[in-house]
Participant: 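Pasting a structure here, questions to come.
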Amino acid sequence: MRGLTVFISDLRNCSSKEQEEKRVEKEMAHIRSKFTSDSNMNGYNRKKYVWKILYMYMLGYEVDFGHMEAVNLLSSQKYSEKSVGYAWCALMLREGDELLRLIINSIRVDLISRNDNAVCLALNSICNVGGKEFAETLSNDVLKLLTHNITKTYVRKKAALTALRLFRKSNDTLPAEQWADRILALLDEKNIGVLTSVTSLVLGVLAVDSAGWEAAAPKAARTLTRLVLNKDYSNDYLYYGIPTPWLQIKLLKVLQHFPPPEEHALKLRVSEVLQRIVSGTEVTKNVNKNNATHAVLFEAINLSIHLGQSSETLPQCINLLGRFISIREANIRYLGLDTMARLSQEQPHTLDDLKKHQSTILFSLKDPDISIRRRALDLVYAMCDTATVKETVSELLNYLDNADDHIKEELVLKIAILSERFASDNSWYVDVVLQLVRSAGDQVADEVWYRIVQIVTNQGEDLQRYAAQGVWTILNAEVLPHKNLVKVAGYVLGEFGHTIAESPGSSPSEQITLLHKHFRNADPDVRALLLNTYVKIAHTYAEVAQMVSEVMQQHSAAMDQEVQQRAAEYISLSAPSLASIKGTVLEMMPHFTERESIVSKALASKSKGDDPEAPTRRVEPRAEAAHAEAAPPPPPPSRQETPDLLGGLADEPAAPAPPPGGGGGAGSAADLLGGLDLGGGGGAAPPPAAPSSGADDLLGLMGGGGGGAAPSGGGGGDLLDALGGGAPAAPAGGAAAGGGPSPQWLALCMRNDGVLFEDATLQIGVKMEFNGHQGRMALFFGNKGQFPLQQLATVLSPCPQLAIQVSPLPSTLQPRQQLSQNFLIECNAPFGDGPQVKVSFMGGSGPAQIVARLPLNPSKFFAPLVTDGGDFFRRWKLFEGKELQKIFKLKTAPLAEPEVERVCAGGMKMAVLRGVDPNTANYVVAGWMAVKGGAPQSDTASVLMRLEVNAAAGMCRASVRASDAGLATAVAQIVQSHLAAP
Amino acid sequence: MISNVLLINQKGEVVISRIYREGASQKTIDTFRNQVIASKEAGRLPVKVLDHTAFMFIKHGNMYAVAVSSGNAQAALAFQFLHELIKVLKSYFGDFTEESVRNNFILIYELLDEVLDYGYPQNTSDDVLKMYITQEGNRKAMQDRAGGASSGVTIQATGAISWRKEGIKYRKNELFIDVVENCNLLMSSKGTILRNDVSGCIMVKCYLSGQPECKFGLNDKLLLDNEAKAKKSNLRRPGSGIDIDDVSFHQCVKLGKFDMDRTISFVPPDGEFQLMSYRITENVNLPFRVLPVVKELGRTRLEINIKVKSMFTFKLFATNVVIKIPCPKNTAIANVSAASGKCKYEPEHGGIIWKLRRFPGDTEYFMSGEVEMMQSVSEKVWSRPPITMDFQVPMFAASGLHVRFLKVFEKSNYQTIKWVRYITKAGQYQHRI
């Protein structure tokens, strides 16, 4: 094909990439025009062009045409053309390509043709691209080819491998009952090439399911005998003097898929073969020969491991392995260790024999090659038992000091597991783990120290004392202990410090002093734990209470949230009123429930990650036997509960009585702790804006829920009744919240002080002060009645745009007295409606609550925006589409300027702009809202309003534009309520 | 800092290598040769970083000039230097080819010693270099240099006017000014202008005797307004000048003066140089308008009708007008016809190329065509790349800039002959379809 050669040489002569690209573009265009214009192109030209396309494709150019031509070539009669088609198919198509549907039929035609070359091409292409669809359509033809008598050997070989590919794509193409006999019959084949291919197929099938293929075992054994013992093969198949090592390995693998043979003859045959392989192997100089012989040998060893006790060669194998692991050649050493680990798991009775090589194995731990070290570690781990554990662990601990970081973590886990599982006494275990934490702190996973804490907690006082003594000694000795060591020490001393408190030199105060020495350098999580320890010690020994409370005070403003919270909680907990709760909270930890060891779990997940074959998988069941148990990491007792506790405290600063809406289950402090989730939830539940009509039911429902969940609560029922009775007593506040804005509230929109709420018992006054985005507000509660108001409390409805800080409020309000509560407010974002306040108290007639809207309307954060018409309308346009209009009837028409001035400038702190609207009856008002972090007078902060007055009708249209829709609504509403006729 | 300068031929063999400082190892250089130049990679990227060493190269003919730097060198400086170096070499032996490099390698080493010192570029002005690095008569030059000439060289290289030597004499004092402008345009398919600017430069060829001082005047808007104000007259209406942006000058221009009153005055170097370059973004006179209609008829057919109109006056004409109309990748057959000029589908350029030798002003030309495409497997939508245009319009300045005056002051007060030419070329002249 001259055109093709010229084209290729052209491309090769190109001096630059650009030149080559140009040439390729030109050629592609040429081919495209040929393919389009010449509808009946002859085969020669078509072949030539497809070759060119392929060549360009191989150079990396994108080709997206010519597929039809290639498919046509595929079905051509001439071999030269057909082969181009198949070459194209192999290069351009991938499994799952749409185009494969087009060619599946042509492939089938070739597959069943009489031309062997075509058949081979078809088989090759199926092997390349065959997918599920191919498997369904073509596997019958392929299998027919495979099993048919007249098929030539080279076709049969290909057919066997093609069948394997199709089987892997779709497992149901080879049902055992239909095909097993016919395919296994091929194992009697004399031709070794065919035999190798068919064995691959059988092996592939066995890997999925061996049922129905049992006849394979004797045939494999027979063939092995033929090859190994009878030396019946042609010399072509000798590889470095070994007859077809690949076939041997495959056959040995086939045998491993079945249980050890029962039949005597077969057994004999297999053991003879194994004997020959195992004894007839020696190490030679030639690398290739060595590789081949050892490959066969290790497979044979694998088989004898599989056969187990029934195999006579097993002791021989163990000897061989022992020799291998001391050999210089790293690969063989690796294989030896790996196989030994396998042996020790699958045939535990060989352990004694293996132990003879213990020293060699331990020596391998120091091998320069990390993969060998890992294997050795696995093996040591697998071989360890009660008798050898002390020796092994001490060896491993020695090794730990020199081991590198890659292996250390695994090593630590394994030591921890071994020492736990086979420990004869727990104090030894404690020693081992403490040493681990001390010498390899970084690598000690959390699970390891959780575990020792669990074990120590669950054991008797002897061990606890021992452990406390141990950590005390170690902590004393270390200058810069690892954080895990401090954690263990902190925990153990906190729980069991009392066991050593009497001994000289380790008094509670000294314990705290020692721990506190490391506090400064510790991470926040360690600090948090240490605070816990301190408070526990201080609880038992009053003499250190002062010291501890100083520390707590110091850290109640710590940077870290967790530390700060704990410190604050522990301070609150020491209030005399909470003494009973404190006792429960700081009680000694109860025993942990027994579960599977988390440490072994950690190892399992780790080894699953890096090596699915790791020997740990089998020993798992044994792991639980020893002392398996475990809870999740021991949470310091008050960590989870206290936030809720604090929530309760904030509501009722000095009243340990049950929160009003909460559970009645606060009879005992323990219940309080246990059920605090419930209590907290209940307390937060009453929505302040609950419509008054539904309040009765709602409260009843809530009370019912609380009572149901905590039936033991003594006062629960009474409390509920009381609540039920009290609910109707608060209609006024409810109405204020449910309906429109109250007149008091409206008045407060214009002023900064006044009365927010007033009835026969209670008067609430307000005083406010605003500056930029910040403000202060004080609520004054005055008791007008004859009886003291108990349990006075306020709750604000959430308003995310405002940050509000509330000062505490005394809970009791004596008659004729006034209490005040201060609020610091920061505006973070524009908002519409301000928060509501719920005031609850126990009055003379039972519990009552008042809900009122706080006069924190957005205009409190406004400032006047004095600007000209141009700027106003620019800002106005910016908020296109964010407009809110209200049309209302005016109180006085026409709208007088002083009135607008009063409402907008005086009350809402906006600027009335004159001369912006040519119509003097209309008004233009502008302001901007001060928001935390916002730029003053910025475009986005502005609030713009136009009041258009129709004097004749006495109507007014107020249009408000602002960045936030809620904000605009709120402003419009205020204006309307002040200007509109009632 | 440039640590190495290499001249490499097309096969990737190093012809000249001059090492100025520690840096790239020979191995890295070999890797560069093999990976970049021998493998046809060159031309893709002007900078290649191998093993922390940056190779900055330009291709000239079949030679590569490479600046190697292992530090964080200024790439723009390195490229400018390479261009200057080639200019110097060309002025010494006419052309820059492998053969000329091989024939003059001693001289080249000598030049390389001079233009770069410890990796820092020095004087690359060929006039000055020719004063003391001479092609012929090495010995004589040596003797001269030993005597008075060497002090002359020092003064020359460090003096106030290092770019012009003393005692130049011409019989005919001539001055040529070329205003060369590149017009860039990007127009949307609907005919709105998306981007339009002109980047131009003023080239001066100077054959003047002595030490002439020149003053140069453009229709710079700022200058004109200043003058008008100074005269307090309304003779010139404001806005007749043009806004010039991004001006940069040859080192001979006195910048202090320009800053003060925007007059351009300078003592020119001898020979050809670029006096200034500038950019203009407003009120650009477009030389051509393209009105394309490209319709996709179904998946496999495309109908193209293009009208091109010249917008300049009929007295002028454009030359070498090339219009490239891109076609889809899977174009099979393209039938195109144009009333004038040659029009042909050229796949290596990825589209239809329409060439017009001569395009008179104020004229319209048409071209129409039909493209047939081939069905392809990958259903990619054609990205419709823009039509690009290339042209040259002599005596036309797209920016509207014109030279108002050029005055030469010299002690001897000779007569000078001045020539001014304008030419507008296409930069990126694109029209979306």
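Quick note: numbers below take in every heavy atom, side chains included, and nothing from hydrogens, waters or symmetry partners. By convention in this document, chain letters (A, B, ...) are assigned in the order of the sequence lines, proteins followed by strands, and residues within each chain are numbered from 1.
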Participant: So does B:R357 have more than 12 non-hydrogen atoms from other groups sitting under 6.0 Å from CZ?
Facilitator: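 No.
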Participant: Answer yes or no: does atom CZ of B:F105 have more than 12 heavy-atom neighbours from other residues, nucleotides or ligands under 6.0 Å?
Facilitator: no
Participant: Counting heavy-atom pairs closer than 4.5 Å to chain A, which one of B:E372, B:K329, B:Q375 comes out on top?
Facilitator: B:K329
Participant: Does B:K355, at its NZ atom, have more than 12 non-hydrogen atoms belonging to other residues, nucleotides or ligands within less than 6.0 Å?
Facilitator: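 Incorrect, the count does not exceed 12.
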Participant: In terms of heavy-atom contacts, does CZ of B:R299 have more than 12 from other residues, nucleotides or ligands at under 6.0 Å?
Facilitator: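 Open.
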Participant: Residue by residue, which of residues 24-32 of chain A have a heavy atom closer than 4.5 Å to a heavy atom belonging to chain B?
Facilitator: A:E25, A:K26, A:A29, A:R32
Participant: Which distance, rounded to the nearest 0.5 Å, do you find between the CG of A:D64 and the CE of B:M374?
Facilitator: 9.5 Å
Participant: Who in residues 97-109 of chain A is close to chain B, using a strict under-4.5 Å heavy-atom cut-off?
Facilitator: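 Those residues of residues 97-109 of chain A which have a heavy atom under 4.5 Å from chain B are A:L99.
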Participant: Can you establish whether the number of heavy atoms outside B:R432 located under 6.0 Å from its atom CZ is more than 12?
Facilitator: no
Participant: Would you say CZ of A:R23 has more than 12 non-hydrogen atoms from neighbouring residues, nucleotides or ligands within 6.0 angstrom?
Facilitator: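 Enclosed: over 12 neighbouring heavy atoms sit under 6.0 Å from CZ of A:R23.
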